Amino acid sequence: MPTARTQDLMRFLAERFPLEKFSFRSLVQKKEVPLHKMAWAYYLGGLALFCFFIQLSTGLLLLFYYEPTVSDAHASVEFITHNVSGGALIRNLHTWSSSAMILFVLAHLVTTFAMKAFEKPREMTWISGVVLLLLTFAFGFTGYLLPWHQIAVNATKVGLQSIEEAGRYLPGELGKLPGQIKELIQGEQSVGQATLSRFYALHVVILPFTLCALLGFHLLSVQLHGMSQGVDKATNKTEAFFPFFLLKDFSLWGIGFLVMFVLALCLPFESFFSFPLFQPFDPLGSTPEGIKPEWYFFFVYYPLELLPFWFIMLASTVALGGLFMTPWLFRPANRRTLAFLACAAALYLIVMTVFGQNIYALFKGSQ
Amino acid sequence: MFDVFFFVGLPYIAVFTMVAGTIYRFRKDRLGVSSLSSQFLESKALLWGSVPWHIGIAVVFLGHLIPLLAPGVWQALVARRAFLITIETLGSCAASLCLVGLVILAIRRFASSKLQTVTTAMDLVVVNLLIAQVVLGLGVATAHRWGAVWSTGTTTPYLWSLLRFNPDVSYVAELPALVRVHLVGAFVVFLLVPFSRLVHMFSLPLEYLFRPPQKVVWANPRRLLHAHAAVAAMESRRLFLKASFGLAGAGALLSVGVFDKFLGFFRGPRMTPDEEAKLLKTRLDRLQLTVEERELELERIRSEQIFVAKVGELSPKDGKYFIDYKMRPALAFRDEQGLPRLISAKCTHLGCTVASSVDSTNRLLCPCHMSYFDVKSGAPLEGSPAKAPLPLLGWILVDPNGKTVASQGPDGKLEGKPDPATLDVCSVYIAKQYEEA
Amino acid sequence: MALRVAILFGVAALAGRGAHAYPEFQRYSQQVSGRFVNCAMCHVHPDGPIGLKPGQIGKLTPAELGQLNSARGAFLPGQDVMNPILNEFGNALLKKLGKKRILELRLQPDQLADAYGYESDIDGDGVPDAHEFLQGTDPVDPQNGAPWALFTHNLRRYAFPHLFLLVTATALGLFGMNNLLKWFHQTMDKGSPEPGATGTKH
């Protein structure tokens with residue numbers, strides 16, 4: 001006879017993973033998508049998934065020519081861009097689509113929050129989503145180093161250095177720990193071949209496999225539970241997931257691909273930056289001006305530049321903890337409150353990303 | 001003589017017969033201008049035979065007609081590899097479709113006893129002739145590749161010479177036998193048009209493509225329901241066909257594009273020797289840099305002291321970069337007493353390399369986040385993101401005879417006093433003894 | 001290493017101030033464009049001509065040193081010289097203007113673009129070299145240029161067949177998808193009393 005506690009656990013699991021619904025009929029044929037004024041947000045996750053598919057295919061192609069050594073990485077990337085036919089296109093597609101992926105993942109997060117899609121029994125879906133977000137950022141961070149140009153290596157150095165900074169706020173011997181963690185990540189005293197090798201392994205093997213596994217879990221639980229109702233007053237208007245929602249999803253992917261392809265073909269991502277940033281990294285020369293992380297890290301980078309480090313540490317720990325605990329923290333909240341919070345978060349992200357440079361200049365008075 | 005008969009006489013006779021015979025049939029026996037449909041007798045095989053054949057031949061026909069009508073435009077188009085491959089692939093697929101359809105139609109004629117009663121000898125001649133003609137066309141496409149290109153210089157001018165009534169057989173005289181037979185076959189098909197069911201090609205019911213579906217309404221309510229169902233089925237079939245057309249078109253275009261890009265990508269670049277040499281040179285230079293860096297690393301593990309520069313080479317304003325024991329960049333200046341001043345160039349904020357020259361107020365700048373450091377003490381200036389000073393490095397001064405004349409630890413404690421006269425030729429070294437364990 | 005240092009200082013002493021890059025142009029480009037620019041706009045090495053790295057004077061072979069010296073003598077425009085420490089743009093400047101005029105222009109860097117003219121486009125990215133100088137972008141890298149200019153140029157360049165085919169494919173696909181949706185609606189609503197896009201929640 002199972003104890004009461006085991007029974008509770010069993011009930012918890014059974015509610016979160018209603019595997020009796022694991023049938024073609026209930027996953028595909030019976031699934032309905034609600035129609036209301038926020039219904040557009042149901043497509044954002046699909047778009048992020050589509051970007052991931054593009055990343056996977058273009059990334060595999062880049063693997064054919066890329067060489068992960070400090071002496072050859074930059075040369076091989078240049079070779080892809082300037083010599084291989086279609087290489088510039090594929091590389092640009094990879095870059096543009098990585099940005100688009102992060103954009104859609106963030107938009108997906110904000111809208112699902114506003115729509116209270118983390119409500120019971122979808123807590124695990126939400127948490128896997130948060131981990132997927134972190135994995136996406138990890139993809140961005142590791143991939144940024146691989147071309148081994150000035151901005152790549154220096155921005156990576158800056159990013160890793162901020163781990164070590166944390167040591168200043170820890171007492172005694174514990175203060176050395178962050179520095180050791182940093183060296184563990186970069187594999188040697190400074191960013192070098194060891195760092196490149198392990199970032200490469202992370203970017204092309206470990207992260208993709210982890211992401212695929214977690215994505216499978218995420219998508220399965222989305223299908224098991226169906227779409228959340230999304231608005232406070234449930235509408236009784238719905239459309240069938242298959243084929244209507246899915247076909248609209250695919251149409252959107254088609255348009256997305258068109259836009260991304262035109263951008264990749266006609267507008268090299270690197271043209272937005274000063275050209276010295278893309279010269280091969282020179283460990284003994286000077287660092288060119290304008291070293292910055294990718295735009296999707298601005299929301300933490302500019303505050304890091306402006307505010308005391310301990311504050312950022314505290315704020316990001318709270319934010320991250322909050323993200324993981326959202327299903328329980330915001331259980332009583334109604335969707336009006338959540339939408340307000342989501343708008344505030346979106347506003348912060350947009351302002352910091354678009355105007356971060358201006359805000360920085362305003363406070364620092366430089367440039 | 002042979003050429004003149006087949007390539008001048010035959011075409012004119014064929015076209016004249018076709019035009020005159022068709023006009024005659026239209027005037028004499030208008031209702032006889034038909035395909036002599038046998039759909040009432042057998043419809044299933046007809047669908048699978050007739051539809052592929054007609055779709056295929058429409059594409060193939062356009063592929064023959066467009067180069068003839070607009071040879072200049074065509075030539076410009078086929079000069080692009082992607083277009084050429086696409087058009088040849090499309091043509092071959094369409095021809096295969098024709099062949100499949102024709103074979104089904106031919107088998108249908110033989111297999112059904114009902115049909116045999118209405119089949120004339122001419123029907124059999126036509127279907128076999130068409131099969132032969134399609135096989136020949138496919139043969140030309142495979143045996144003598146890129147017909148879309150070479151036809152612009154051979155068959156196109158030949159056919160134009162016929163149209164201008166100034167026949168010139170020299171264009172086709174040297175062509176391979178397969179091509180010549182294909183041409184003759186085409187003329188024979190033209191010739192047979194007025195005598196066979198082929199004449200229906202001139203009574204294309206084109207308006208069917210554009211008119212809305214017609215609804216036959218019966219007065220009887222039971223029949224009405226049937227009519228509705230029939231209309232719905234028709235509408236549904238139309239939608240499905242449109243959908244398949246759109247998706248198949250998009251799929252075909254995308255696969256051509258993807259195929260073209262991927263093929264080029266995997267084939268890799270085809271470089272001129274100059275380009276290849278340039279590329280190789282760049283890669284060798286980069287390798288060399290790596291080698292030099294590794295040598296520095298080895299030197300730092302092995303030697304107790306490492307040469308930085310002669311004192312005379314150093315200046316108070318422009319620092320000289322060198323690499324310290326931990327493989328980090330550092331700068332060598334000369335201070336007011338004329339002695340070396342070695343300072344780490346790795347910014348204590350986030351690890352960028354500090355710029356090598358000092359500005360007018362003796363400040364060093366880290367360009368990453370605009371940290372300023374005082375060159376004398378290494379201390380960061382007010383308002384810099386960096387909070388810790390750039391560490392000063394210890395040095396040893398060795399005169400040309402190899403004798404250590406002075407040294408300074410990282411703490412700034414000077415030992416010994418160098419002779420100002422020979423100071424410029426003394427060498428500056430960094431020493432392992434000054435590194436913390 | 002010691003040999004190379006010796007060569008370096010020998011050459012530097014020989015050349016005097018001629019061995020320095022002309023930072024006036026760099027500063028001007030940076031000032032009018034707002035972009036960071038370094039020596040690699042005209043030189044082979046981003047840190048300029050002096051040093052021991054590839055593309056710098058200290059690394060030149062004797063043959064290249066010969067080329068360097070004859071390039072230094074190219075005071076008048078139109079001379080067929082190849083300076084091994086300059087990139088294609090640097091050499092094009094030297095050939096078009098001659099060293100004498102370049103030295104004069106150091107005092108009026110704003111006139112360099114007009115003097116050089118707006119016809120030449122070495123990297124073929126649709127932005128003339130002189131504009132790239134004024135916009136602070138790399139004149140020898142087709143992937144680098146003012147974004148809008150690059151975008152419009154490439155749009156025209158790839159309009160046919162790339163973009164045309166892609167737009168056709170997308171339009172066909174959307175057309176097909178749309179009809180497929182309608183088809184599904186029709187076949188699935190068969191039997192239900194009122195046709196429409198929506199079902200009711202179960």
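Each chain gets a letter, A, B and so on, in the order the sequences are listed, and its residues count up from 1. Note that the coordinates shown come from a computational prediction; the quantities given were computed from them, not determined experimentally.
Surrounding NZ of B:Lys317 are more than 12 heavy atoms belonging to other residues, nucleotides or ligands, all under 6.0 Å away. Around CZ of B:Arg270, the count of heavy atoms belonging to other residues, nucleotides or ligands within 6.0 Å exceeds 12. More than 12 heavy-atom neighbours from other residues, nucleotides or ligands sit within 6.0 angstrom of CZ on A:Phe309. Few gaps surround OH on A:Tyr169; more than 12 heavy atoms of other groups in view lie less than 6.0 Å from it.
Heavy atoms closer than 4.5 Å to chain B are found nowhere in A:His82, neither backbone nor side chain. Only the side chain of B:Glu293 comes within contact range of chain A, judged by heavy atoms closer than 4.5 Å. Using a 4.5 Å cut-off between heavy atoms, B:Leu296 contacts chain A through its side chain alone, with no backbone atom that close. Heavy-atom distances place both the backbone and the side chain of A:Ser76 under 4.5 Å from chain B. For A:Leu306, no part lies under 4.5 angstrom from a heavy atom of chain B. In this structure, chain A has no heavy atom under 4.5 Å from any part of B:Leu289.
Contact of the A:Glu67 side chain with the B:Arg283 side chain is registered, since non-hydrogen atoms from C-beta on lie closer than 4.5 Å. Between B:Phe265 and A:Leu89, every side-chain heavy-atom pair lies at or beyond the 4.5 Å cut-off. Proximity of B:Arg294 to A:Gln193: side-chain heavy atoms (C-beta onward) are separated by under 4.5 Å at one or more points.
Distance check: A:Ser85 OG to B:Phe266 CZ gives 11.0 Å after rounding to the nearest 0.5 Å. For the atom pair CG of B:Leu254 and CZ of A:Phe257, the computed distance is 6.5 Å after rounding to the nearest 0.5 Å. Put simply, NZ on B:Lys261 and CZ on A:Phe261 are 6.5 Å apart, with the number rounded to the nearest 0.5 Å. Expressed to the nearest 0.5 Å, how far CD of A:Glu165 lies from NZ of B:Lys387 amounts to 10.0 Å. Here A:Ser71 contributes atom OG and B:Leu284 contributes atom CG; the two are 10.5 Å apart, rounded to the nearest 0.5 Å.
Contact record, B:Pro269 with A:Asn83: CB-O, 3.2 Å, taken as the closest heavy-atom pair. Taking all atoms of both residues into account, the shortest heavy-atom contact from B:Arg267 to A:Tyr65 is C-OH, 4.4 Å.
Heavy-atom pairs under 4.5 Å with chain B were tallied for A:Val70, A:Asp72, A:Val191; the largest tally goes to A:Asp72. Interface remark: of the candidates A:Gly254, A:Gly87, A:Pro280, A:Ser190, A:Pro280 forms the most heavy-atom pairs closer than 4.5 Å to chain B.
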Evaluate the side chain to side chain contact (heavy atoms under 4.5 Å, CB included) criterion for residues B:Met327 and A:Gln189: first the C-alpha distance (whole Å), next the side-chain angles of each, then the deciding distance (0.1 Å), finally the verdict. CA-CA 9 Å; B:Met327 288 303 287; A:Gln189 283 193 342; over 6 Å; no
